[in-house]
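Here the structure is a predicted model, which means the values were calculated and not measured. No hydrogens, no waters, no symmetry mates; every other heavy atom, side chains included, goes into these values.
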Amino acid sequence: MRLDHLSYAAGPDGLEGTAQRIGTLLGATFLDGGIHPRFGTRNMILPLAGSMYLEVVEVLDHPASQKASFGQAVRARSSLGGGWLGWAVAVSDLPTIEERLGRKAYQGSRHRPDGVELRWKQMGLTSTAADPQLPYFLHWEIDPALHPSVGADERFSLVALEIAGDPQRVSDWMGEPVEKPLEDVKVEWVAPHGTPGIVAVQVQTPNGLVRL
């Protein structure tokens with residue numbers, strides 16, 4: 001189990017505007033990630049060192065976005081002005097997590113602009129939407145060479161997560177200490193009595209540390 005990516009819901013300036021705004025702060029350029037046909041969303045991504053990436057995502061005017069948990073979550077966060085949506089951990093043994101939590105994973109996919117389809121299975125998004133301190137789980141079904149982090153400028157890396165919440169609650173959900181998948185990323189638990197979820201992230205860039 002490892003930290004895979006962080007999701008940021010587009011604000012009033014839309015997907016491209018939000019990605020450009022964050023990219024300007026970091027001194028980096030987000031790439032067009034393509035469309036999630038099953039979720040009714042599309043994204044732009046920024047590969048990071050350590051096999052991680054950031055994604056900015058927006059909901060589309062598509063029936064799938066009304067039904068899929070991810071589409072619903074993105075719509076709800078964007079309607080509040082956008083911001084950090086959640087975090088995902090990649091796992092190698094999804095059936096064990098399915099059995100432990102008593103739920104089934106479902107298929108996800110994204111079509112990149114070059115036509116390549118990325119496929120994975122994921123679960124836990126409904127719980128993440130209800131309690132954003134919790135990550136959701138995914139298992140990639142692609143060649144590692146196609147992972148969205150490939151091609152990252154190693155000078156850009158995730159340094160820290162600031163999460164409002166309870167580390168024990170998150171550890172219980174994950175089935176292991178929360179520090180394990182985040183061993184290369186510092187976690188600062190803030191506002192334990194506030195609204196749970198990612199408050200901010202810290203990214204190392206060639207120009208120094210940037211807090212988003």
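Taking OG1 from T126 and CZ from F70, the interatomic distance works out to 12.5 Å, rounded to the nearest 0.5 Å. How far CZ of R77 is from CG of L85: 7.5 Å, rounded to the nearest 0.5 Å. Separation of atoms CD1 (I22) and CG (L46) is listed at 9.5 Å; rounding is to 0.5 Å. In this structure, the separation between CZ on R119 and CG on L146 is 13.0 Å, given to the nearest 0.5 Å. In this structure, CD1 in I35 is found 10.0 Å from CG in N43, a value given to the nearest 0.5 Å. Of the inter-residue distances, the one linking E141 atom CD with E117 atom CD reads 10.0 Å to the nearest 0.5 angstrom.
Of all non-hydrogen atoms in S109 and P37, the two that sit nearest each other are O-CD, 3.7 Å. Across R110 and P148, no two heavy atoms sit closer than the pair NH2-CG, 3.4 Å. Smallest separation of non-hydrogen atoms from S78 and A10: OG-O, 2.8 Å. Residue Y53 comes nearest to S149 through the heavy atom pair CD2-N, 4.3 Å, listed as atom of the first residue, atom of the second, then distance. Of all heavy-atom pairs spanning W173 and R100, the tightest one is O-NH2, 2.9 Å. Across every non-hydrogen atom of I97 and F137, the tightest pair is CD1-CD2, 3.8 Å.
V159 is listed as a side-chain neighbour of L209, based on a closest heavy-atom distance under 4.5 Å. The side-chain heavy atoms of P135 and V170, taken from C-beta on, include a pair separated by under 4.5 Å. Contact annotation: the side chain of I142 never approaches that of P144 to less than 4.5 Å [non-hydrogen atoms, C-beta and beyond]. Side chains of D4 and V89 form no contact here, defined as non-hydrogen atoms less than 4.5 Å apart. Side-chain contact between P47 and L31 is present, with heavy atoms from C-beta onward closer than 4.5 Å. Side-chain contact between W189 and L161 is absent, with no heavy-atom pair separated by less than 4.5 Å. For the pair T96/V91, no side-chain contact is recorded, criterion being any heavy-atom separation below 4.5 Å from C-beta on. Side-chain contact between I198 and L6 is present, with at least one heavy-atom pair separated by less than 4.5 Å.
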Mind running side-chain contact (heavy atoms from CB on, under 4.5 Å) on M123 and K104 for me, showing each step along the way? CA-CA 7 Å; M123 62 174 292; K104 298 294 290 183; over 6 Å; no

side-chain contact (heavy atoms from CB on, under 4.5 Å) between E176 and S171, intermediate numbers included: CA-CA 5 Å; E176 62 181 44; S171 295; over 6 Å; no

Full working for side-chain contact (heavy atoms from CB on, under 4.5 Å) between V116 and L118: CA-CA 7 Å; V116 173; L118 305 183; 4.1 Å; yes

Please walk me through it: do L138 and H5 pass side-chain contact (heavy atoms from CB on, under 4.5 Å)? CA-CA 10 Å; L138 64 84; H5 69 272; 3.4 Å; yes

Take W87 and Y8 through the test ring-ring contact (aromatic ring centres under 6.0 Å, His included) and record every step on the way to the result. CA-CA 9 Å; W87 53 299; Y8 190 99; over 10 Å; no

Can Q133 and D131 be said to form a side chain to side chain donor-acceptor pair (under 3.5 Å), step by step? CA-CA 6 Å; Q133 67 180 307; D131 189 359; 3.1 Å; yes

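Taking the six-membered ring for Trp, W120 and Y106 have ring centres at least 6.0 Å apart. Taking the six-membered ring wherever Trp is involved, the centroid distance between the rings of H147 and W140 falls below 6.0 Å.
Within a 6.0 Å radius of CD in Q204, other residues, nucleotides and ligands contribute more than 12 heavy atoms.
Remark: D32 engages P113 in a side chain to side chain contact (heavy atoms under 4.5 Å, CB included) (not counting sequence neighbours).
Here R211 pairs with E162 in a salt bridge; the nearest charged N to carboxylate O distance falls below 4.0 Å. Remark: E98 does not engage R103 in a salt bridge, criterion side-chain N to carboxylate O under 4.0 Å. The residues R42 and E58 are annotated as salt-bridged, a charged nitrogen and a carboxylate oxygen being separated by less than 4.0 angstrom.
When atom types are taken as modelled, the side chain of T205 and the backbone of F156 share no donor-acceptor pair closer than 3.5 angstrom. At least one donor-acceptor pair closer than 3.5 Å links the side chain of R2 to the backbone N or O of S51.
Inspection of the S7 and E55 side chains reveals an N or O donor paired with an N or O acceptor under 3.5 Å.
Linking ILVMFWY side-chain heavy atoms closer than 4.5 Å, directly or via other members, places F30 and L25 in a single hydrophobic cluster.
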